[in-house]
Q: 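Submitted below is the structure of interest, expressed as structure tokens.
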Amino acid sequence: MNEIFLSPYSATNTESKIYKIWEESGFFNPDICVEKGVTNESSESFTVVMPPPNANGDLHAGHSLFITLEDIMTRYKRMSGFKTLWIPGADHAGFETQVVYEKKLEKEGRSRFGMDPNDLYKEILDFTLLNKKNMESQVRSMGASCDWSREKFTLDEDVVSKTQDTFIKMFNDGMIYRGKRTINWCYKHQTSLSEVETESVEESSPFYYFKYGPFEIGTVRPETKFGDKYVVMHPNDKRYSEYKDGQKIQLEWINGPIEATIIKDEAVDMEFGTGVMTITPWHSQIDFEIAQRHNLDMEQIIDWRGKLLPIAGEFAGMNIKDARPKIVEKLKAKGLVTRVDDKYTNVVKRCYKCNTIIEPQTKDQWFVKMAPLTKMALDSVDRGEIKFIPDNYEKIFRYWMENSIDWNISRQIVWGIPIPAWFNGDKIAASKEKPEGDGWVKDIDTFDTWFSSGQWPLMVTGFPDGEDFKKFYPTQVMETGHDLIFKWVPRMVIFGLYLGGKAPFNTVYLHGLVNDAQGKKMSKSKGNVINPLTLTDKYGTDALRMALVIGNTPGTDLALREDKVKGYKNFGNKIWNITRFVLENTKDWDGKKPDNLSESSTKNISELNELVADVTKDMDNYRFYLAAEKLYHYVWHTFADKIIEESKESLKSDDTLIKTSAQYTLRYILETSLKLLHPFMPFITEEIWSHLEIENKKLLMVTQWPK
RNA sequence: GCGCGGUUAGCUCAGUUGGUAGAGCAACCCGUUUACACCGGGUAGGUCACAGGUUCGAGUCCUGUAUCGCGCACCA
């Protein structure tokens, strides 16, 4: 017996050594598996696309979880004979990374504003590439058996080029339009944001009622009211039936007398407030729509920095927060404030990164027409082409698809893929090269990062004509966090169908958040962030993987407790000592299966076979949390506690049949257990496997899954 | 406001098609007789949130209530 088993298992000494062996074997690559004869050429393929981690910082517990889950699926399928491909990637993460980098600049006393865009881009690129390397080595340390030879970065030349091709195709297909629309504007970051990049928070703010000619209007935003010259009410509102659409009235307003026009529109809620409102089309979606319907003027009141424009008269140049009380004061002095409701709560949108209040602004942007795309996606789900785990997420997915509004894909940041568009007066062109003729100006905006990430399964398989696209698209599973059910999953489905002709995956497995030991969300400000690398240093990667998977049902958040990880480290050592016992007691075994097995051996093996069938079923149904727990239980409380304990008698027996039968059974159960545990605890199982004497032995990672 | 999920042992959570409640950690007692003290043996601990219903039988299915969490939301 190898002396290594005389001292406890050391993860630190084992893991990097084992990973190196795996990586050098080439078996992470399905083509090499076929070439070297561990997988049949004719086998079905099994493909998982890794959600590319953002290359802007360290791996966090959430990454560890998804790497673990995807690695379990991948290893299981590879051992089961599939042509198995797990494609890794790295995400430039446009806005997210730019925000990270801006914080870094801030710390250095610098600012992105005023920097040459090309210099800024280059700095962020260097920063990202450095982090990308770091991220990749951390993914390796989790044991990920992904095919690094196929790794893609979201800013690889071909990805950039193909993303731009998609834009041009969609523009030519009429799926993308440029238009003035209400957008979410973040003053701090000086960019527009999509709906998923904002957070709606309920807040209580004073609700002011003002006298507006013969009417009373209500608002939480007095600072937008300077230019309000349309007063709107519902056409069926009897209280105001004496007023006619288009009628002009004279009234006294904030900065003097104005003429206002009556508008009748059904968008007005008669039940709300007084049933009368004035509109500010430049700074409100609903007002914008009313203005469009009636062909009304619109004027910007607040500039792109959040300061009032000259239309505000004496308040020009002030920011919103300072101006609001002063404006109310002035209105009060003029006797125009009728009442104030202090208990009013409304929903305020904030930037999901800096918490700045989002200002609705009107701006020319690129929009993707969603209705035809979401219809394709819903039809695909109706046809049962996409299965969700857990299945209640199908409803959530449908809800999003049924309610999505046109998608703003323009961002005013440098860190991203340039939009291939050109302007020349009223003329617009979508092309990578400058169009013929004079006067063309390049669009300086970049794409929303989800515009390219949404095409990820296509990009990594080499759409439209790559070999992998033919062989591995559509993929089998998309495993990602449930928070991405809106951000990412729908966009991949849409692009997959629109460009690739097929849904990009047939199963969506959604894992929950990894929370702290108390079940609270981890956050830097709370200081409760658990760094997975500290845990793996202390207890080993296999232990962390077990702690992340056992008891973790899909879609449900997980509380990560250190003592749980420690428990599975002990389990690793248990397996180690089981091996020691088995090896010590089978030294004199001839390595052959006896012709007859004793009654107890037969019973033990048939129990193991039941376990194999049971666990295999769980694996096929993505119930990894159950499979892992069953294996843990079997190995510790059946194999170690019962079978090994009972074998001590048989091993001492003079009856050769009883003795060799026990020896054979111990070896058989040990080897089978290692195979079954390998997807969950790849390092220790491979290490033990390497010390066993087995005929025609291959690496455990490519050894046949037990039947 | 709409939607989704949770409520099971002190804590964190499992419980796959309905068949007399499980794990890990924590607690208590005993034990170092050579695989393992990163251990072994044992004990204690739950009217499965509440109220109805379906059923021979409900933690599991249905209805309602409470409560916590999350998501969505263009009522000025």
Side-chain angles (χ1 to χ4, degrees), chain A residues 1 5-9 182 184 195-196 199-200 202 207-209 217-221 224-225 228 231-232 267-280 283-290 344 346-347 349 360 390 392-393 395-396 398-400 403-405 482-483 485-486 512-513 515-521 539-540 543 546-547 550-553 555-585 614 617-618 621-623 625-630 632-633 636-637 640-641 644-645 647-648 666:
Chain A
M1 185 193 67
F5 291 106
L6 296 178
S7 44
Y9 172 65
T182 311
N184 301 301
E195 293 310 310
V196 295
E199 273 168 10
S200 299
E202 196 162 281
F207 191 83
Y208 304 98
Y209 286 93
I217 58 152
T219 185
V220 285
R221 303 210 51 198
T224 63
K225 295 284 150 197
D228 287 14
V231 56
V232 190
V268 176
D269 182 351
M270 290 189 271
E271 308 292 313
F272 186 84
T274 56
V276 182
M277 65 180 196
T278 61
I279 58 168
T280 315
H283 296 287
S284 156
Q285 167 96 27
I286 188 164
D287 295 2
F288 178 90
E289 284 167 10
I290 292 171
Y344 182 74
N346 67 333
V347 171
K349 272 190 196 173
N392 62 296
Y393 275 84
K395 268 193 223 166
I396 297 174
R398 284 178 182 277
Y399 181 86
W400 192 88
N403 292 282
S404 73
I405 58 175
H482 67 31
D483 52 326
I485 186 72
F486 292 133
L513 253 52
N515 291 326
D516 74 0
Q518 279 73 44
K520 297 270 182 295
K521 198 169 173 169
Y539 305 108
M546 287 293 271
I550 291 186
N552 186 5
T553 45
T556 307
D557 295 348
L558 171 83
L560 180 59
R561 307 162 63 87
E562 186 162 339
D563 58 14
K564 189 177 176 189
V565 184
K566 192 179 162 195
Y568 294 112
K569 183 203 173 201
N570 295 349
F571 176 58
N573 201 51
K574 189 77 185 176
I575 304 167
W576 194 251
N577 283 303
I578 286 171
T579 308
R580 176 176 165 183
F581 176 87
V582 172
L583 291 184
E584 260 172 11
N585 288 286
D614 198 15
K617 204 173 152 200
D618 285 335
N621 290 293
Y622 300 96
R623 295 189 296 250
Y625 58 105
L626 285 183
E629 192 173 4
K630 283 172 188 167
Y632 172 89
H633 242 254
W636 201 314
H637 299 299
D641 290 352
I644 286 188
E645 286 310 316
S647 77
K648 286 177 181 173
L666 288 175

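A, B, ... follow the sequence lines: proteins, then strands. Residue 1 opens every chain. Quantities reported herein were computed from a predicted structural model and do not represent experimental measurements.
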Q: With both distances kept under 3.5 Å, what pairs with B:U7, Watson-Crick or G-U wobble?
A: B:A66

Q: In the strands shown, is B:A76 matched to any nucleotide by a Watson-Crick or G-U wobble pair with both distances under 3.5 Å, and which?
A: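 Across all strands, not a single nucleotide pairs with B:A76.
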
Q: Find the partner of B:G45: check Watson-Crick (N1-N3 plus N6-O4 or O6-N4) and G-U wobble (N1-O2, O6-N3) distances, both under 3.5 Å, and reply none if neither fits.
A: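 Across all strands, not a single nucleotide pairs with B:G45.
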
Q: Just to be sure I understand the rule, does A:Tyr344 reach a base, reach only the sugar-phosphate, or reach nothing, if contact means heavy atoms closer than 4.0 Å?
A: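 Sugar-phosphate, no base atom in range.
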
Q: The side chain of A:Asp269 lies closest to which of these nucleotides: B:A76, B:G24, B:A35?
A: B:A76

Q: Got a donor-acceptor pair under 3.5 Å from the side chain of A:Lys564 to the base of B:C25?
A: no

Q: Within the pair A:Tyr625 and B:C13, is there a side-chain N or O less than 4.0 Å away from OP1 or OP2?
A: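 For B:C13, OP1/OP2 do not have a side-chain N/O of A:Tyr625 under 4.0 Å.
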
Q: Checking contacts here: which listed nucleotide (B:A35, B:G40, B:C38) is nearest the side-chain heavy atoms of A:Lys569?
A: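 The closest nucleotide is B:C38.
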
Q: Can you tell me which nucleotide in B:U16, B:G24, B:C75 comes closest to the side chain of A:Asp618?
A: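 The answer is B:U16, which lies nearest to the side chain.
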
Q: Do the charged groups of A:Lys617 and A:Asp614 touch, with an N to O distance under 4.0 Å?
A: no

Q: Closest to the A:His633 side chain: B:G5, B:C38, B:A23?
A: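 Among B:G5, B:C38, B:A23, the one nearest the side chain of A:His633 is B:A23.
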
Q: Closest approach of A:Ile279 and A:Asp287, non-hydrogen atoms and distance?
A: CA-OD2, 3.4 Å

Q: Given B:A35, is OP1 or OP2 found less than 4.0 Å from the side-chain N or O atoms of A:Lys648?
A: yes

Q: State which of B:A73, B:A76, B:C25 makes the closest approach to the side chain of A:Asn346.
A: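 Looking only at heavy atoms from C-beta outward on A:Asn346, the closest nucleotide is B:A76.
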
Q: Determine: side-chain N/O of A:Asn570 to OP1/OP2 of B:C39, distance under 4.0 Å, yes or no.
A: yes

Q: Show the nearest heavy-atom pair for residues A:Asp557 and A:His482, with the distance to one decimal.
A: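 Result for this residue pair: OD1-NE2, 3.2 Å.
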
Q: Under 3.5 Å, is there an N or O donor on one side and an acceptor on the other linking the side chain of A:Arg561 and the base of B:U12?
A: no

Q: OP1 or OP2 of B:A26 versus the side-chain N and O atoms of A:Lys566: is any pair under 4.0 Å?
A: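 No, no such contact exists.
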
Q: Return yes if the base of B:A73 and the side-chain atoms of A:Glu195 contain a donor-acceptor N/O pair under 3.5 Å, otherwise no.
A: no

Q: Report the C-alpha separation of A:Phe288 and A:Thr280 in whole Å, then their side-chain angles, then the decisive distance to 0.1 Å, and conclude whether the side-chain contact (heavy atoms from CB on, under 4.5 Å) test is met.
A: CA-CA 7 Å; A:Phe288 178 90; A:Thr280 315; over 6 Å; no

Q: Tell which nucleotide pairs with B:G71, taking only Watson-Crick or G-U wobble pairs whose two distances are both under 3.5 angstrom.
A: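 The answer is B:C2, by the H-bond criterion.
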
Q: Determine which nucleotide pairs with B:G59, using a 3.5 Å limit on both distances of a Watson-Crick or G-U wobble pair.
A: none

Q: Which is true for A:Phe288 with a 4.0 Å heavy-atom rule: it touches a base, it touches only sugar-phosphate, or it touches nothing?
A: nothing

Q: Can you tell me which nucleotide in B:C75, B:C13, B:A14 comes closest to the side chain of A:Ala559?
A: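 Selected nucleotide: B:C13.
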
Q: With a 3.5 angstrom cut-off on both distances, give the Watson-Crick or G-U wobble partner of B:A21, or none if there isn't one.
A: none

Q: Using purine N1 to pyrimidine N3 plus N6-O4 or O6-N4 for Watson-Crick, or N1-O2 and O6-N3 for G-U wobble, both under 3.5 Å, which nucleotide pairs with B:C39?
A: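 With both distances under 3.5 Å, B:C39 matches B:G31.
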
Q: Base, sugar-phosphate, or nothing for A:His637, non-hydrogen atoms under 4.0 angstrom?
A: sugar-phosphate

Q: So that I can tick it off, tell me whether A:Glu584 and A:Arg580 are bridged by a salt bridge, with the cut-off set at under 4.0 angstrom between side-chain N and carboxylate O.
A: yes

